[in-house]
Amino acid sequence: MEHVRNGQIDIDEAVEKLRHLPFEELGFACIDHHRQIRRGFPEVIFCPGKTTEHIIKIFESLAAKGNNVLATRAKPDVFEALANTGKFPKARYEELARSIVLEQKEPPASKSVLPIVTAGTADLPVASEAKVTAEIMGQRTDLICDVGVAGLHRLFKHLPQLQNANVVIVVAGMEGALASVMGGLVNCPVIAV
């Protein structure tokens with residue numbers, strides 16, 4: 001409505017944009033186009049369990065609204081099939097994060113930096129997925145890798161940064177002890193994965 005008021009779009013364009021609100025029925029999925037309005041970011045595609053064709057249709061539906069699109073846990077062949085449609089030349093595959101990212105809008109820039117901490121190298125795929133997800137939503141991040149409790153001294157050089165954070169994500173898939181340690185070192189919420 002603000003775009004109509006400001007003359008950025010005409011009434012017919014506004015009606016077309018509102019046509020599929022609050023959701024679009026695809027037969028196999030109901031795409032929540034209102035989520036951008038309610039939550040500040042459109043629906044994210046969680047790829048496991050979906051066919052490649054379904055992922056592409058959902059991706060197309062979300063992208064058609066001009067928003068950024070994120071598909072998580074995507075296999076390389078899904079990205080290849082999406083790229084072969086020729087519809088999304090700006091889409092990229094973040095291999096380590098197993099995510100497909102299409103940035104169509106500049107996300108609002110955050111003032112703070114979100115530390116994402118891994119206990120070990122095996123935690124990098126999940127940490128990278130968190131990083132890609134946070135960044136497409138406009139959150140600046142800093143990845144701090146391989147500072148698990150087996151060599152806790154590696155964490156100490158990062159303490160000033162961690163203690164100034166508003167929230168910290170800790171990925172420690174082997175034993176999960178790093179999240180408890182982090183909880184004792186910082187006074188902000190710790191999201192443990």
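Proximity of Leu62 to Asn67: side-chain heavy atoms (C-beta onward) are nowhere separated by under 4.5 Å. Between Val101 and Glu135, the closest side-chain pair of non-hydrogen atoms is not below 4.5 Å. Side-chain contact between Gln139 and Ser112 is present, with heavy atoms from C-beta onward closer than 4.5 Å. Inter-residue side-chain proximity for Ser99 and Thr72 is flagged as met; some heavy-atom pair is nearer than 4.5 Å. Inter-residue side-chain proximity for Gln161 and Ile144 is flagged as met; some heavy-atom pair is nearer than 4.5 Å.
Hydrophobic clustering, with ILVMFWY side chains joined whenever heavy atoms are under 4.5 angstrom apart, keeps Leu96 apart from Leu70. Placement of Val126 and Leu178 in two distinct hydrophobic clusters is found when ILVMFWY residues are connected by side-chain heavy-atom separations under 4.5 Å, directly or transitively. The cluster map of Ile, Leu, Val, Met, Phe, Trp and Tyr, joined by side-chain heavy atoms under 4.5 Å apart, puts Val171 and Val113 in different clusters. No chain of hydrophobic side-chain contacts below 4.5 Å, direct or via other Ile, Leu, Val, Met, Phe, Trp or Tyr residues, connects Leu102 to Val44. Clustering ILVMFWY residues whenever any of their side-chain heavy atoms sit less than 4.5 angstrom apart, transitively, puts Leu159 in the very cluster that holds Val170.
Around the CD atom of Glu95, the shell of radius 6.0 Å holds no more than 12 heavy atoms that belong to other residues, nucleotides or ligands. Within 6.0 Å of CD on Gln8 lie more than 12 heavy atoms contributed by other residues, nucleotides or ligands.
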Chi angles and distances behind the side-chain contact (heavy atoms from CB on, under 4.5 Å) call for Ile58, Lys50: CA-CA 10 Å; Ile58 295 168; Lys50 293 177 179 66; 4.1 Å; yes

side-chain contact (heavy atoms from CB on, under 4.5 Å) evaluation trace for Leu26 with His54: CA-CA 9 Å; Leu26 297 180; His54 288 169; over 6 Å; no

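Listed by first and then second residue, the side-chain hydrogen bond (donor to acceptor under 3.5 Å, both in side chains) pairs involving residues 170-193 amount to none (not counting sequence neighbours).
Partner Val78 forms a side chain to side chain contact (heavy atoms under 4.5 Å, CB included) with one of Ile55, Ile45, Thr51 and no other, that one being Ile55. The side chain to side chain contact (heavy atoms under 4.5 Å, CB included) with Phe88 is formed by just one residue from the set Ile56, Val69, Leu82; it is Leu82. Screening Leu162, Val168, Leu155 for a side chain to side chain contact (heavy atoms under 4.5 Å, CB included) involving Leu185 leaves a single residue, Leu155.
The shortest non-hydrogen separation linking Tyr93 to Ala74 is OH-O, 2.6 Å. Taking every heavy atom of both residues into account, Pro42 and Arg35 meet most closely at C-CD, 4.3 Å. Across all non-hydrogen atoms, the minimal contact from Cys30 to Glu25 is SG-OE1, 3.0 Å. In terms of heavy atoms, Ala127 sits closest to Thr118 at CB-CG2, 3.4 Å. Of all the heavy atoms in Arg73 and Cys47, the pair that sits closest is O-CB, 3.6 Å. Across every non-hydrogen atom of Pro115 and Val167, the tightest pair is CD-O, 3.4 Å.
Other cluster members for Phe46: none, since no ILVMFWY side-chain heavy atom sits under 4.5 Å from it.
To the nearest 0.5 Å, atoms CD (Glu43) and NZ (Lys65) are separated by 12.5 Å. Distance CG/Asp10 to NE2/His3: 13.0 Å, rounded to 0.5 Å. For the atom pair Ile9 CD1 and Glu2 CD, the distance stands at 11.0 Å (nearest 0.5 Å). For the atom pair NE2 (His158) and CD (Gln163), the distance works out to 13.0 Å, reported to the nearest 0.5 Å. Atom NZ in Lys105 sits 11.5 Å away from atom CD1 in Ile136 (nearest 0.5 Å). One distance of note links CD1 of Ile116 with OG1 of Thr133; it measures 8.5 Å at 0.5 Å rounding.
Classification of Glu129 and Arg98 as a salt-bridged pair holds, one side-chain N sitting under 4.0 Å from a carboxylate O.
Here the side chain of Glu24 pairs no donor or acceptor atom with the backbone of His33 at under 3.5 angstrom.
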